[in-house]
Amino acid sequence: MAKEIMNLSAGWQKLTLALRRLAIVLLLIPGLQSAAPAADGVAQPVGDPVVEARVNKLAEELRCLTCMGQSIADSQSSFSSDMKREIRAMITAGKNDKEIIEFMVQRYGDFVLYRPPVKSTTWLLWGGPFLLLILSLVFLAAKLRKRRGQVATELTATEHQAAMQLLGKREGDRP
Amino acid sequence: MRRFLFPLAVFIVLAGFLAAGLRLNPREVPSPLIGKPVPAFRLAQLQASDKSIGPEDLRGKVWLLNVWASWCVSCRQEHPVLIELDRQKKITIVGLNYKDERTAAINWLNQHGGDPYVVSAVDADGRVGIDFGVYGVPETFLVDKNGVIRYKHIGPVTEDALKTKILPLAEELARG
């Protein structure tokens with residue numbers, strides 16, 4: 001019994017040690033992250049909260065092309081930090097949101113936008129789900145109409161008899 | 001039997017779409033720059049920092065712009081292909097040394113079999129790269145005599161890509 005308790009407390013000690021190590025590592029990671037962009041020479045958020053809010057709003061609309069499925073705002077990649085730097089520079093230069101988005105589309109194409117524009121090549125993308133909905137509704141309506149047309153037919157006496165025989169019941173047990 | 005026909009048809013169509021989707025490379029984003037003039041730039045040269053290079057210097061030539069960096073792993077894969085292409089003297093290869101350090105870039109060239117570029121432009125902060133829509137290195141652009149981008153190759157240049165697409169198109173552009 002005493003040995004078991006010893007074992008248990010040894011295990012507990014190991015666990016707390018591991019947790020402490022994990023905590024230290026976790027503390028270090030944010031430190032590394034905030035140090036990295038500065039070392040990279042990338043402009044750190046420069047105080048102006050209005051500019052930063054616009055940078056973030058625009059960054060959420062743009063796709064990080066190197067990380068797939070992440071917006072520039074969500075991503076920590078060097079591509080995204082370059083893009084954010086470029087957006088920040090354009091905002092400081094007095095460009096409006098539309099001009100900035102256009103700048104990105106001219107270089108990276110519509111794919112850079114999280115909300116692609118409606119045009120001839122993208123109508124299927126936008127209209128596809130609605131088209132599918134309409135098609136399935138038409139299909140459902142046709143099915144239901146067909147079902148309504150099928151009236152239950154009465155069995156003739158001989159058919160009924162045969163059915164009863166198959167079910168192993170005697171004549172006269174009519175339901 | 002007939003009631004299975006419709007689901008089967010739906011399944012086949014769906015499988016067809018998915019199969020086509022599997023063949024697409026999600027990293028290959030079609031460039032909106034094809035058919036457009038090369039973005040203007042004037043950058044310092046890698047091997048001679050006191051000299052500069054810009055697209056105007058290459059007017060009248062069909063040339064390749066290869067975006068590379070010493071930190072780029074797949075660049076090692078295409079480097080021998082570019083060196084061989086340079087040896088054949090079929091086309092002018094210009095480098096865009098993207099977000100790199102000068103000494104690291106020069107050392108990298110020396111370590112990997114030489115410099116296949118007539119000249120490399122130094123794009124240390126990657127700003128010119130943004131104008132070219134660069135999002136992954138290596139990328140290669142084919143530019144015609146009038147300075148119009150005609151083709152973009154994403155990822156390492158392979159012998160196959162040169163033989164089947166880039167060189168035939170370059171020859172056509174050189175003739176026309």
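Keep in mind the model is a prediction, meaning the values are calculated, not measured. Excluded from the calculations below are hydrogen atoms, water molecules and symmetry mates; all remaining heavy atoms, backbone and side chain alike, are included. All chains are named by letter (A, B, ...) in the order of the sequence lines, taking the proteins before the strands, and each is independently numbered beginning at 1.
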Determine all donor-acceptor pairs shorter than 3.5 Å in which one atom belongs to a side chain in residues 162-176 of chain B; sequence neighbours excluded.
unit_1: B/Thr164; atom_1: OG1; unit_2: B/Asp160; atom_2: O; d: 2.7

Ring-face cation of A/Arg107 near B/Phe132 (centre distance under 6.0 Å, axis angle within 45°): no

Restricting to side chain to side chain contact (heavy atoms under 4.5 Å, CB included), what partner residues turn up for A/Gln70, sequence neighbours left out? A/Cys67, A/Asp74, A/Ser75

Test item: side-chain donor near acceptor, A/Ser78 and A/Ser81, under 3.5 Å: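 Judged by distance alone, the side chains do not pair up.
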
Closest non-hydrogen atom pair, B/Lys61 against B/Thr92: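 That closest heavy-atom pairing would be CD-OG1, 3.8 Å.
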
For A/Phe79, is it the side chain, the backbone, both or neither that has a heavy atom under 4.5 Å from a heavy atom of chain B? side chain

Listed partners of B/Arg127 passing side chain to side chain donor-acceptor pair (under 3.5 Å), at least two apart: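 If we apply the side chain to side chain donor-acceptor pair (under 3.5 Å) test to B/Arg127, skipping adjacent residues, the hits are A/Glu86.
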
Could you name the residues of residues 93-105 of chain A that have a heavy atom within less than 4.5 Å of a heavy atom in chain B?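 Result: A/Phe103, A/Val105.
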
